[in-house]
Amino acid sequence: MRIVAPAGNMERFYSAVNAGADEIYMGLKGFGARRNAENFILEEFKQALDYAHERGVRIFLTLNTLMKNVEIEFLYQNFKALYEHGLDAVIVQDLGYFRFLKENFPDIDYHGSTQMTVANHVEAEYLRKLGFKRVVLPREMSFEEIKKIRENTEIELEIFVSGALCICYSGNCYMSSFIGGRSGNRGMCAQPCRKIYTSSEGDAGYLLSPKDQLMGYEEIKKLKEIGINSIKIEGRMKEKTYVFEAVNYFKNLINGIKAEERVSSIFNRGYSKGYFYEKRDSVMNRNYPANMGKPIGIISGKELTLEENIMLGDGIIYLSKDYETLGGDYINRIEKKNRKEKFKTAEKGDRIILINAPKGAKYVFKNYDKEVNDDIESKLKNSSKKKEISMEFIGREGEYPLLKVSAVNNQGKKIVVTIKGESLIEKAAKRGAEKENIIEKLSETGDTVFKVKECNVYIDNNIFIPLSLLKQLRRDALEELRIKLVESHRRNLKTTEIFRIPIEKDELKHCEVSVMVTNDIQEKIVRELGIKKIYKRGFDIARENNLEKMDLNSELAVNLYQVLKNKNRDVTVGWNLNVGNIYSLNEYSKIPNVKTVIITPELSFEQIENIGKVPVRKALLGYSKLKGMYLELPVFKNGEIITNEQGDKFVIRKNELGNDEIYFEKPLNILSQVKRLGKIGIDEVVIELLDETEEEIRFLIKNIDKKENAYSPYNYERGVF
């Protein structure tokens with residue numbers, strides 16, 4: 001089982017490699033699901049590739065965002081440069097972008113991002129047959145579901161084991177997009193889940209903020225036993241010490257060592273096992289959304305009974321009863337109650353005096369652990385990833401000495417270097433060379449990137465082998481091996497012809513109006529109003545344990561499982577599958593029975609028009625109380641309203657699976673623009689109903705294409721970042 005580590009810049013990259021990561025995921029500046037991370041320019045990425053390949057580490061490029069038409073070919077030259085330089089794999093979310101890359105760059109591994117929300121074996125197998133090598137499962141999967149998927153697909157599986165949790169399924173969160181045009185599907189999430197909300201029940205706090213995930217020995221053991229290929233650490237925006245400690249911790253767990261967990265001493269906003277077990281009541285942290293460190297006690301006046309050990313140099317912060325930060329300090333003196341001595345440390349249970357505690361302080365957190373950080377910094381300086389090699393030395397009297405060294409590269413190819421000495425071997429005048437001494441000298445690889453796994457020596461008796469000869473042979477062989485190892489990852493793109501889909505302007509359409517209903521009463525009303533095409537609301541995610549609850553006769557497919565297994569002859573793909581470019585529309589058109597695709601509402605009118613002519617009908621949301629989140633947790637009551645600090649209101653709906661769905665109270669409404677939509681190539685306008693009254697429904701439908709329908713376009717006018 002391999003460890004996949006994050007790297008947001010070169011410093012964190014070196015930290016991940018030298019901590020022992022097997023694989024590292026990184027982004028180019030301006031691309032990927034962490035566009036706010038520092039990320040890498042092209043030359044830095046190439047430098048990182050060489051450094052990693054010398055040491056047997058694989059590098060993945062993150063292109064795990066949705067692409068617009070104009071962006072599909074934009075990265076071609078940079079990707080070509082990395083492809084030819086030896087990039088090991090690319091992580092993608094957009095099916096259309098996958099097709100563009102796969103056709104143009106066939107000899108590289110493709111990984112399906114967790115943003116694809118592939119939550120069952122059917123979807124995973126579909127990706128494998130398309131040409132994906134691996135898929136990263138959603139963080140919301142339980143162990144039993146992961147196990148079932150593993151038993152029913154041959155595609156490689158990657159599982160997140162630590163780091164930040166989103167409260168919503170990745171790839172199905174639109175809160176940031178619809179609030180301010182910063183799309184989580186485009187790597188620009190403003191993290192509205194980490195903000196304060198007030199509920200209609202009177203609760204206020206960080207109601208949508210989960211703790212981070214951190215699995216331990218038992219969880220890693222279970223994943224290893226069922227054959228999970230890779231475990232993934234989140235954290236491209238976290239510091240090098242966090243990356244190093246997390247990699248080191250999980251490396252020990254994989255090797256069966258019950259190591260002490262110190263990750264929470266580096267970054268801590270509360271931890272849980274996430275969704276791994278069926279009991280999930282400890283996932284949320286409504287008190288604070290950011291890194292506060294470890295709680296070390298509740299203060300009374302100036303006195304604090306310690307719940308954790310402290311030492312001089314530790315950093316602490318003071319919080320109010322409402323977890324508001326009141327100040328912070330580094331501990332430069334430790335005073336214990338009723339003791340006059342000076343102390344360098346204090347232990348759990350000691351009562352200490354905090355003379356600098358601000359008024360109103362209740363909680364004290366240790367947000368900098370000097371001992372842990374000093375230890376990690378020391379290990380960072382002294383740790384170096386080494387590539388295992390094999391050696392063979394042959395020394396025959398009267399012949400030239402030969403040193404053969406070999407290593408296996410990331411593609412499994414054996415790289416061999418043979419170096420011949422310049423002088424013939426002579427008989428020893430006194431004591432002859434010994435195998436053990438030769439092995440010892442050849443194995444002294446020093447500050448090179450190699451370590452000797454095995455060394456075989458074949459020599460005649462009583463021959464003379466100078467120490468200087470062994471050193472020179474070793475030096476020359478290892479340098480040549482290093483160069484050949486790096487060069488063995490290079491590729492040559494065999495064609496200069498680019499696979500692309502030409503864009504043709506679509507013709508004028510007459511828009512059909514369809515309605516998606518939530519209940520039978522709504523369906524009755526819209527039928528009376530003459531609507532012929534009526535969809536029923538479905539479940540956005542087809543989890544492995546809920547497959548039997550998916551409606552496979554529904555004309556509307558809102559998850560990939562429904563698309564693939566649908567028995568209907570006229571299937572419409574839901575907008576939450578995030579289809580927004582000509583390549584993706586073409587990809588869905590290849591699936592039997594798919595006739596219509598609802599375009600993502602994250603595109604502007606201009607971008608929608610620029611998609612051009614495609615083999616399927618294009619639909620667009622005309623009215624909707626937009627779904628911002630789909631939660632795997634029962635956090636709120638059905639019908640509850642939550643309000644953010646800007647006054648935006650959101651309606652909670654609990655579906656039949658027990659999931660909370662969060663909708664914007666203010667609807668998207670472009671029904672006054674239906675004729676305009678036909679001009680930009682839209683075949684169908686969809687009205688999504690949630691909790692509208694009969695009067696509201698009748699008003700909406702009777703006033704289609706009239707200004708009486710209040711114009712509220714959300715992203716259709718502005719687009720998203």
Side-chain angles (χ1 to χ4, degrees), residues 164-165 194-199 201-214 216 239 241-242 245 260-273 279 281-376 635 645:
L165 285 175
R194 303 295 184 185
K195 309 299 183 185
I196 292 175
Y197 290 81
T198 303
S199 77
E201 298 287 310
D203 294 330
Y206 299 96
L207 306 183
L208 294 173
S209 183
K211 299 173 185 175
D212 282 9
Q213 174 195 44
L214 185 59
E239 294 303 319
T241 50
Y242 175 92
E245 184 60 27
E260 176 191 1
E261 181 278 300
R262 303 192 305 177
V263 175
S264 59
S265 296
I266 307 298
F267 186 97
N268 196 326
R269 58 178 154 213
Y271 282 98
S272 76
K273 302 298 182 185
K279 189 176 180 182
D281 54 2
S282 64
V283 170
M284 302 301 292
N285 180 4
R286 294 186 169 199
N287 294 320
Y288 52 90
N291 174 28
M292 292 293 190
K294 283 188 173 182
I296 61 172
I298 297 175
I299 196 167
S300 176
K302 299 288 183 180
E303 296 181 7
L304 177 73
T305 301
L306 289 173
E307 297 173 3
E308 292 278 339
N309 297 348
I310 62 169
M311 67 181 295
L312 294 178
D314 283 347
I316 59 173
I317 58 171
Y318 300 98
L319 305 176
S320 72
K321 62 181 178 61
D322 298 319
Y323 291 89
E324 177 188 2
T325 302
L326 300 177
D329 205 356
Y330 282 100
I331 298 174
N332 53 27
R333 60 180 287 178
I334 296 176
E335 182 180 337
K336 296 183 182 180
K337 188 177 182 182
N338 299 324
R339 301 284 293 274
K340 294 182 179 180
E341 309 99 297
K342 292 181 180 179
F343 296 91
K344 292 183 178 180
T345 63
E347 298 179 351
K348 182 178 178 180
D350 286 345
R351 194 157 184 84
I352 65 171
I353 309 300
L354 295 172
I355 59 174
N356 294 325
K359 185 178 180 181
K362 181 175 181 181
Y363 303 107
V364 183
F365 281 61
K366 179 167 66 172
N367 62 351
Y368 180 79
D369 190 309
K370 185 178 186 302
E371 182 179 13
V372 171
N373 276 275
D374 285 354
D375 183 54
I376 294 172
V635 179
E645 293 174 286

Please report the closest heavy-atom contact between [X] and [Y], naming both atoms and the distance.
X: Ser272; Y: Val283; answer: OG-CA, 3.9 Å
X: Ile299; Y: Leu304; answer: N-CD1, 3.8 Å
X: Leu319; Y: Leu326; answer: C-CD1, 4.1 Å
X: Pro210; Y: Arg194; answer: O-NH1, 2.7 Å
X: Lys321; Y: Tyr363; answer: O-CE1, 3.8 Å
X: Lys294; Y: Ser265; answer: NZ-OG, 3.6 Å

Short side-chain to backbone donor-acceptor contact, [X] and [Y], under 3.5 Å:
X: Asn373; Y: Tyr368; value: no
X: Asn291; Y: Asn268; value: yes
X: Glu261; Y: Val263; value: yes
X: Lys302; Y: Ala357; value: yes
X: Lys370; Y: Met311; value: no
X: Asp375; Y: Val372; value: no
X: Asn309; Y: Lys348; value: yes

Open item on the list: Just to verify, which of Leu208, Ile196, Val635 counts as forming a side chain to side chain contact (heavy atoms under 4.5 Å, CB included) with Arg286?
Closed with: Val635
Task: Verdict with reasoning, Tyr318 to Val364, per side chain to side chain contact (heavy atoms under 4.5 Å, CB included) - done: CA-CA 5 Å; Tyr318 300 98; Val364 183; 3.9 Å; yes
TODO: Determine whether the aromatic ring centres of Phe365 and Tyr288 lie less than 6.0 Å apart.
DONE: yes
Open item on the list: Taking the basic N atoms (NZ, or NE/NH1/NH2) and the acidic carboxylate oxygens, is any pair closer than 4.0 Å for Glu308 and Lys366?
Closed with: no
Task: Salt-bridge criterion met for Arg333 and Glu335 (N-O under 4.0 Å) - done: yes
